[in-house]
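Below you'll find the structure, written out as structure tokens, and then a few comments.
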Amino acid sequence: MSTPSRLPAAHADLELGTATASYQVEGGATEDGRGPSIWDTFSARPGAIADASDGSVACDSYHRYAEDADLVAGLGVDWYRFSIAWPRVQPEGRGRVETRGLDYYDRLVDSLLERGVKPTATLYHWDLPQALEDQGGWLERGTAEAFADYAEIVHERLGDRVGLWATHNEPWCAAYLGYSAGVHAPGRQEGGAAHRAAHHLVLGHAMAAERMRAAGAHDVGIVLNLAPVWAERPEAADVADGVDAIRNRVWLAPLVDGAYDDGLLRVAPELADPELVRDGDLALMQGSADWIGINYYTPVRPDVAGTSAGDEHPEGGAYPGVAPFTLVERDPRTDIGWEIDASGLEELLVETHRRTGLPLLVMENGAACADDRVEEGRVADQDRIDYLRDHLAATEAARAAGADVRAYVVWTLLDNFEWAYGYTKTFGLVHIDPADQTRTPKASYDWLAGVARDRSRRRTSGPA
Ligand code: PNW
């Protein structure tokens, strides 16, 4: 059966969308049999979350999904990207399926389709069932195998209506912020062991893609937060290569070349262990993505430790195997401290297209802004509009330069649980009142709706 949500066609207009992730918006953390995830556990740890909050209520999208779907439809964009909470579907991470959890995504998908919005689902946006973490989490091969089973279960239920599937979101965060830096769940600081997590994440993707394709899926991709890596000075070239290895090559090399390159193995000798990388793993990974999703916020500028004013960075510890270095962030920056440079997105898209030859989808781009106060029923977030306008233009520029980019998706529909920052940093097109979850569209929402309107008018009237 053909589905209404396939990969956008090559050479067609860029399609637009907006995104959320399950733990960041759903709430309903104990409802309908949902099991605990590593983010429930991690959020309860003293000091882990800036405002000591968690996602147990969040935007209450578990109950307000129809209102969310109305908001997406009101934007007039093509796509809504959401993620599925594995512990809603399998509370213990394997075995028993909780039908009520699947029923929720069924309702969400139908409410999008009824409003003319195409759903795209991400299977893993970091909320691992705690039961699997208790068995070693992504350091264990069994988690990749369990992920493939879970993917097959979800695809069987939703695959008649969802045609565009992402396996993982930003496995760099899951592996390196989770198992090395310890600033994301599960909050482990185990250095090079994080490279093992990286291998198992890509393996899980490949195993899931194989099973979903066997069941008739076509457009199975993976969403990566690849980065343009710009050495601050020539002396930093070596550390910049190590950063590039962990941000970019550890993902693209197995997916595209079916091999880990020598420079990568110098940083991550764990990936030369035949107990970890078994016969057939790399062959299974090669060609396992039909498209690559790119999440871009900021460039990465490594510098030699001690030579510049580079800040102590929350990502510290996220690059095991690389000599100590600093990360420099130049002005202007968003409210979360990330440098604003839209040229980084254009460069990243052109370079990733050259490197992979695959269709690219910008699956996240957006800005944390401090001007998110509601005044007389309005939020005037001009800084966010400027950021989005410049990055949308950079995406079009990459297309004009030959990069095969098919969609641009804004992070995020709603102000939501921003991981280790809790509710202190807001990326939403829609403001949420934390007291009662009242949704108030911001000026950026009206701006994006205007862009979508102009584009669809141009599409239907044809070139002048
Ligand atoms: C991404 N870092 O997270 C995620 O995909 C979203 O869920 C998130 O809300 C968004 O970007 C904004 O942060 C990241 O520390 C979290 O480098 C942290 C980092 C990068 C991306």
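In what follows, every heavy atom counts, from backbone to side chain, and hydrogens, waters and symmetry copies are set aside. Whatever order the structure lists ligands and atoms in, that order sets their numbers, starting from 1. Here the structure is a predicted model, which means the values were calculated and not measured.
- If you check the side chains of T424 and D51, you find no donor sitting under 3.5 Å from an acceptor.
- Below 4.0 Å from some heavy atom of H125 lie the following atoms of ligand 1, by number and element: 4 (C), 5 (O), 6 (C), 7 (O).
- Distance check, rounded to the nearest 0.5 Å: CG of D40 to CZ of R34 gives 4.5 Å.
- The N/O atoms of N416, backbone and side chain alike, include none that comes under 3.5 Å of an N/O atom in ligand 1.
- Using a 4.0 Å cut-off to heavy atoms of W419, the atoms of ligand 1 that qualify are 6 (C), 7 (O), 8 (C), 9 (O).
- Short contacts between ligand 1 and W126, defined as distances under 4.0 Å to a heavy atom of the residue, involve ligand atoms 3 (O), 4 (C), 14 (C).
- Counting heavy atoms closer than 4.0 Å to ligand 1, residue I336 contributes nothing at all.
- For a threshold of 3.5 Å applied to N or O pairs, the pair formed by Q24 and ligand 1 contains at least one separation below that value.
- Residue pairs meeting the salt bridge (Lys or Arg N to Asp or Glu O under 4.0 Å) criterion with at least one member in residues 338-347, sequence neighbours excluded: R301-E339.
- Classified by interplanar angle (parallel below 30°, tilted 30° to 60°, perpendicular above 60°), the ring pair Y104/Y62 is tilted.
- Applying the 4.0 Å criterion to heavy atoms of E418 picks out, from ligand 1, the atoms 8 (C), 9 (O), 12 (C), 13 (O).
- If you number the atoms of ligand 1 from 1 as listed, the ones under 4.0 Å from a heavy atom of Y297 come out as 10 (C), 11 (O), 12 (C).
- Of all the heavy atoms of W172, the ones lying under 4.0 Å from any atom of ligand 1 belong exclusively to the side chain.
- The side chain of W338, and not its backbone, has at least one atom closer than 4.0 Å to an atom of ligand 1 (non-hydrogen atoms only; side chain from C-beta on).
- Using a 4.0 Å cut-off between heavy atoms, N169 contacts ligand 1 through its side chain alone, with no backbone atom that close.
- Between K425 and ligand 1 there is no heavy-atom distance shorter than 4.0 Å.
- The aromatic rings of W172 and Y319 sit tilted relative to each other, their planes meeting at an angle between 30° and 60°.
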